[in-house]
Amino acid sequence: MALESSHHLAGSPLGKETPAQPISEYFGELTFGLGEMRERLPRDAFNELMKTLELGRKLSKETADAIAKAIMDWAVRKGATHFCHWFQPMTGLTAEKHDSFISIQHSNHSELKVIERFTGSMLIQGEPDASSFPSGGMRSTFEARGYTAWDPTSPLFVVESAAGARTLCIPTVFFGYHGQALDNKTPLLRSVQSLSQEACTFLKLLGDVDVKSVMATLGPEQEYFLIDREVAAKRPDLMMTGRTLIGAPTARGQKLEDHYFGSIPTRVITFMEDLERELYRLGIPVKTRHNEVAPSQFEMAPIFESMSIASDHNTLAMETMKRVAARHGFMCLLHEKPFAAINGSGKHCNWSMSNDKGENLLDPGHTPHQNLRFLAVAAVVIRAVHKHSALLASSIMSPGNDLRLGGNEAPPTIISIFLGSMLEKIFETIGRGEAARGSEREIINLGVGHIPDISKDYTDRNRTSPFAFTGNKFEFRAVGASANVSVPMSVLNAAVTDVLAEASTRLKALIAKTGSRDEAVITLVRELISESKNILFSGNNYSAEWREEAKRRNLPIIDSAADAFAIWNDEKATEFLVATKVLSREEIVSRYNVQLERYIKTMEIELDTTVALINEYVVPAVEKQLERTYNVQRDVKNDNLKSALGRRTATLETAFADLLQQCDALKRSVDKLADTHDEAAKVAHIVRECKPAAAKLRAVADRAEQEVADELWTLPKYREMLFHHSVK
Ligand code: ADP
Ligand code: MG
């Protein structure tokens, strides 16, 4: 308390006054989107751009130049000196290559003059020398060139570096010479487009004859840890891998559950306010912030947006979090499992669709028609998640998420859906077949006409479900904190698109057969739900019984990223991606290769860092402790003390012997990795030998930590990393 009030007396911790400006006045001031284009572009140029967006036409050179000019004028006024094509390579991060706006103009007297210049072709297409971005073997070296192309659906923005330099970022897609996607954004954009087309066809059959487009929406809730930067800098594992590879859990852990929704520490709230100000200026509508379950863990959630913008905004927010954290003396950890024995971080992806009138298709409405539409769309999503659960599960797997999923903090990678009792009951009623005769009256009598406001049903939540209906949207909860949302969202969009197409065909036939649209829709809903019964589960997803039950139900169980690769390599499981035009066969194969390669690299870094930590930190600390104990023991006369010290020495010696032995064992299995040339065999070796060896080594290192004097243990401990907020 004393600390808090002294802060207040001294003014804000940063020593500057917080601006009292309303958010609405500066929201998006660093962005240039369609609104600004309309204001600043010549009318013809703007109209041509809109046509381009609608019809996928090519922009004329004149229009492109006019747009580029307007953008440059704006960006230079915002202080930008450079521009970059900003994109999402398959590494899961974002990439950028900067160029300055300057160009040399030759005047009449052959004097050189520097001017700012930015043309339509510089805006629209770039050729970065990006031969080292992963392409999964698609770009052979002689055409090792990737191209970036402006994605006008996402606003341009200006970012400021720590040193104050400002750069105009142009959201782009990244592709190879023959148009193959080399990034995560291209498939996302394709999936959004396919989804819109199939959803429109389906909605028209349902009676929404004037629907023009359907938009997938996404609201990702981002969890993260904040660790003191100076402390983190002393942990080579955090620096190299983003997580702690050794470290004994603290006695306290998250036992008291006192962190969740507790009051936010001063230093953290200062960071959050600063972060939010930056995000607002970048047009990112962050809405909620709170403490999470684990000590030093927090969450931030935006208001949902259209899928492609939400995806750009999430990656941009992740980058901004890291940058702003550094400014506040923090390291922001986005890894799925930075610390053992306490919760890791996820990213719940809230997903829905809305039509061009802005109506949420997963919102039960006020009329029987809206409700019928809601039930039909919900049934399609349920069927889609069931049909494609293997690839959906695979789309969220990574070495980091391997460590988080399946523990008692996050669902195992068995996809199931939780609907809540209200929706479950409605589907049950329909399932009994009573509505098949289906006049509108009968539908109303079934309770379908007046679906209560499910979104208000806060009592009915199942936190253990990987895929839950939460009132007016589905929440994909198994996504990891560091994931690029474009990957699982492309798969989800494609899955729903695939089933929408199938549902439209079936609905047409049913309408022809029954002669009644409402009856046909009810029948379709009944069939879809009955075919997908196995994916519905309202029990405890963390329990061992569920695993057994899931086996009986024939649901895919994918325990690790290594298992998930096989699914990406399975033509049948991925066929719907090709059918929905989200990825070509060649692109799927390349993604499989990239994942394999990245998995191996990530694991190699972790394994090598583990060995280094043991040799450079743990072994010397144990040696010193032993030496100290031997010294004390030597001169002791007291018999009791002598034998007690003898036991202590024995414990230490055993720990030391185990440590050296397990370290050797790990080293040997890592060495074998270098002799394995086939990548799938490398992955198998990592899973079968290296990972268990590393786990054994960690266990003995963590035991040794508890036997060694604190002053001899040079690595910061869990308590120093996790509980600093209570002292600072
Ligand atoms: P809770 O997870 O407790 O339900 P909220 O209702 O606040 O929390 O929603 C969490 C996230 O879901 C927010 O990011 C919110 O914007 C997003 N969300 C709400 N409605 C939709 C929707 N129709 N489509 C996508 N995301 C949505
Ligand atoms: Mg949520």
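Values below: all heavy atoms of this structure, side chains included; hydrogens, waters and symmetry mates excluded.
A donor-acceptor pair under 3.5 Å is absent between the side-chain atoms of Arg703 and the main chain of Ala655, judged by distance alone. Within the 3.5 Å criterion, the main-chain N or O of Phe87 finds no donor-acceptor partner in the side chain of Glu96. Of the possible donor and acceptor atoms, one in the side chain of Asn401 sits under 3.5 Å from a partner among the backbone N and O of Ala478. In this structure, Lys347 contributes its side chain and Ala483 its backbone to a donor-acceptor pair below 3.5 Å. The backbone N or O of Ser669 lies less than 3.5 Å from no partner atom in the side chain of Glu689, so there is not a single donor-acceptor pair. Using modelled atom types, one side-chain atom of Lys337 and one backbone atom of Ile342 make a donor-acceptor pair closer than 3.5 Å. Between the side chain of Thr244 and the backbone N or O of Gly247 there is no donor-acceptor pair closer than 3.5 Å. Here the side chain of Tyr280 pairs a donor or acceptor atom with the backbone of Val286 at under 3.5 angstrom. With hydrogens and angles ignored, the 3.5 Å screen pairs no side-chain donor or acceptor of Glu278 with any backbone N or O of Leu275. A distance-only check finds a donor-acceptor pair linking the side chain of Asn493 to the backbone of Met489 [under 3.5 Å].
Note: Gln88 CD to Thr315 OG1 = 4.5 Å, rounded to the nearest 0.5 Å. The distance from atom CD1 of Ile567 to atom NE2 of His388, rounded to the nearest 0.5 Å, is 13.0 Å. For the atom pair CD (Glu424) and CG (Leu419), the distance works out to 6.0 Å, reported to the nearest 0.5 Å. Rounded to the nearest 0.5 Å, atoms CE (Met603) and NE2 (His685) are 11.0 Å apart. Rounding to the nearest 0.5 Å places CG of Leu218 at 8.5 Å from CG of Leu188. Between the CD1 atom of Ile23 and the CD atom of Glu276 there is a distance of 7.5 Å, given to the nearest 0.5 Å.
For the pair Ser486 and Asn184, the tightest heavy-atom approach, listed with the atom from each and the gap, is CB-O, 3.4 Å. Nearest heavy atom pair, residue Val622 against residue Ala704, reads CG2-CB, 4.0 Å. Pairing each heavy atom of Ala325 with each of Cys332, the nearest pair is CB-CB, 3.7 Å. The two residues Asn291 and Pro265 have their closest heavy-atom pair at OD1-CD, 4.3 Å. Scanning all heavy atoms of the two residues, the minimum distance from His335 to Ala481 falls at O-CB, 4.5 Å. Looking at every heavy atom in both residues, Arg404 comes nearest to Arg477 through NH2-O, 3.7 Å.
Inter-residue side-chain proximity for Leu715 and Pro236 is flagged as met; some heavy-atom pair is nearer than 4.5 Å. Between Leu722 and Phe225, the closest side-chain pair of non-hydrogen atoms falls below 4.5 Å. A 4.5 Å side-chain heavy-atom check between Gln625 and Glu707 finds every atom pair outside the cut-off. In this structure the side chain of Met331 never reaches within 4.5 angstrom of the side chain of Lys322, judged on heavy atoms. The closest side-chain heavy-atom distance from Trp351 to Glu475 is not below 4.5 Å. You'll find the side chain of Phe330 reaches within 4.5 Å of the side chain of Arg267, heavy atoms only. The shortest distance between side-chain heavy atoms of Asn484 and Ser311 falls below 4.5 Å. For the pair Met300/Thr288, no side-chain contact is recorded, criterion being any heavy-atom separation below 4.5 Å from C-beta on.
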**Message:** Using the rule given for side chain to side chain contact (heavy atoms under 4.5 Å, CB included), can you reason through Leu226 versus Ser296, listing the C-alpha separation, both sets of side-chain angles and the distance that settles it, and then say yes or no?
**Reply:** CA-CA 6 Å; Leu226 281 181; Ser296 293; 5.7 Å; no
**Message:** Using the rule given for side chain to side chain contact (heavy atoms under 4.5 Å, CB included), can you reason through His348 versus Gln222, listing the C-alpha separation, both sets of side-chain angles and the distance that settles it, and then say yes or no?
**Reply:** CA-CA 7 Å; His348 293 180; Gln222 180 73 51; over 6 Å; no
**side chain to side chain contact (heavy atoms under 4.5 Å, CB included) between Phe27 and Ile284, intermediate numbers included** = CA-CA 8 Å; Phe27 186 84; Ile284 302 178; 5.9 Å; no
**Prompt:** Step by step, would you call Asp237 with Arg243 a side chain to side chain contact (heavy atoms under 4.5 Å, CB included)?
**Reply:** CA-CA 6 Å; Asp237 46 0; Arg243 76 174 180 108; over 6 Å; no
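Checked against the 6.0 Å centroid criterion, the rings of Phe157 and Trp86 qualify as a close aromatic pair. Taking the ring centroids of Phe469 and Phe418, they lie at or beyond the 6.0 Å cut-off.
Surrounding CZ of Arg229 are at most 12 heavy atoms belonging to other residues, nucleotides or ligands under 6.0 Å away. Summarising the local packing, NZ of Lys601 is surrounded by 12 or fewer heavy atoms from other residues, nucleotides or ligands at distances under 6.0 Å.
When only modelled atom types and interatomic distance are considered, Asn541 and Ser465 share no side-chain donor-acceptor pair under 3.5 Å. No side-chain donor from either of Thr413 and Asp559 sits under 3.5 Å from a side-chain acceptor of the other. Between the side chains of Glu305 and Thr217, not a single donor N or O lies within less than 3.5 Å of an accepting N or O.
Tested against Ser345 for a side chain to side chain donor-acceptor pair (under 3.5 Å), the candidates Glu299, Glu223, Gln297 yield a single pass: Gln297. Each of Thr610, Asp658, Val618, Leu607 was compared with Leu697 under the side-chain contact (heavy atoms from CB on, under 4.5 Å) criterion, and only Thr610 meets it.
One finds a salt bridge joining Asp710 and Arg719 here, because a Lys/Arg side-chain nitrogen approaches an Asp/Glu carboxylate oxygen to under 4.0 Å.
Judged by a 6.0 Å distance limit and a 45° cone about the ring axis, Arg252 is not positioned over the six-membered ring of Tyr718.
Classification of the Trp546-Phe537 ring pair by plane angle, with boundaries at 30° and 60°, yields parallel.
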